[in-house]
Amino acid sequence: MIDELAELPVNITYYKGENAIDISPLGINKVRGLHSLHVQEFIAFGNDSNDQCLFENALYSVCVGEHEVEQYASISVEKEKVAAMITKALHMYGNQEMQGVYI
């Protein structure tokens, strides 16, 4: 089935260790969705391959847990430290006047 899907105009994201895939139309991803909502600047938290585009385009990005995609994030944290990282991000960017920043 994967070989047949690969011939279609779609992106296929594989999740190692989860025995799962995401299938989306070419050019459709989380960043494009944000841009369609007129969000240009954002802070991203994520934990999977489909978050790479967020990490690459965010003002600041946090990979939650240990994943291959963490190389694209600004920082990687353990799941238990997410709340503290949100607080840190709010302090880092919350005092700046940036129109359309979503945290």
Side-chain angles (χ1 to χ4, degrees):
M1 180 158 70
I2 297 294
D3 291 337
E4 290 180 30
L5 286 170
E7 294 183 25
L8 298 173
V10 297
N11 284 321
I12 303 171
T13 303
Y14 301 92
Y15 296 96
K16 295 179 181 178
E18 294 183 34
N19 200 21
I21 61 172
D22 273 347
I23 303 166
S24 61
L26 288 178
I28 302 299
N29 59 45
K30 293 178 179 185
V31 171
R32 186 163 178 198
L34 288 172
H35 288 171
S36 72
L37 296 170
H38 307 289
V39 175
Q40 301 298 318
E41 296 179 319
F42 56 90
I43 295 171
F45 284 72
N47 68 341
D48 257 321
S49 300
N50 65 352
D51 296 316
Q52 178 179 337
C53 62
L54 287 175
F55 293 166
E56 293 175 327
N57 289 277
L59 293 172
Y60 187 76
S61 56
V62 180
C63 181
V64 179
E66 292 184 25
H67 300 279
E68 291 180 14
V69 75
E70 72 183 300
Q71 66 183 316
Y72 301 100
S74 305
I75 192 168
S76 180
V77 299
E78 298 169 357
K79 186 177 178 180
E80 298 76 24
K81 297 184 180 178
V82 170
M85 188 52 61
I86 291 171
T87 300
K88 179 179 178 180
L90 286 171
H91 287 297
M92 288 171 41
Y93 293 95
N95 294 329
Q96 296 180 19
E97 290 192 28
M98 295 182 286
Q99 184 177 9
V101 173
Y102 291 83
I103 299 175

Could you give the distance from CD (Gln40) to CG (Leu34), rounded to the nearest 0.5 Å?
9.0 Å

Counting only heavy atoms not in Gln71, do more than 12 fall under 6.0 Å of its CD?
yes

Gap between atom CG of Asn11 and atom CD1 of Ile28 - 0.5 Å precision:
9.5 Å

Find the distance between CG (Leu5) and CD1 (Ile12) and round it off to the nearest 0.5 Å.
5.0 Å

Would you confirm whether His67, through its side chain, and Asp48, through its main-chain N or O, come within 3.5 Å as a donor-acceptor pair?
no

Do the non-hydrogen side-chain atoms of Val69 and Cys63 ever get within less than 4.5 Å of each other?
yes

Hey, is the main chain of Arg32 close enough, under 3.5 Å, to the side chain of Asn29 for a donor-acceptor pair?
yes

Determine the sole option in Val10, Ile2, Leu8 for which the side-chain contact (heavy atoms from CB on, under 4.5 Å) test with Ile23 is passed.
Val10

Distance check, rounded to the nearest 0.5 Å: Met85 atom CE versus Ser76 atom OG?
9.0 Å

In this structure, NZ of Lys88 is separated from CD1 of Ile75 (nearest 0.5 Å) by 5.0 Å

Test of understanding: with side-chain hydrogen bond (donor to acceptor under 3.5 Å, both in side chains), list the residues that count as partners of Thr13, not counting sequence neighbours.
none

Around Glu56, counting heavy atoms of other residues, nucleotides and ligands shown, do more than 12 lie under 6.0 Å from its CD?
yes

Any donor-acceptor pair under 3.5 Å from Ser74 side chain to Val62 backbone:
no

For a 4.5 angstrom cut-off between non-hydrogen side-chain atoms, does Phe42 reach Val31?
yes

Cluster check Tyr14, Tyr72: I/L/V/M/F/W/Y, side chain < 4.5 angstrom
no

To the closest 0.5 Å, what do you measure between OH (Tyr60) and CZ (Phe55)?
11.5 Å

Closest heavy-atom pair, Ala44 versus Leu54, reported as atoms and distance to 0.1 Å, is CB-CB, 3.9 Å

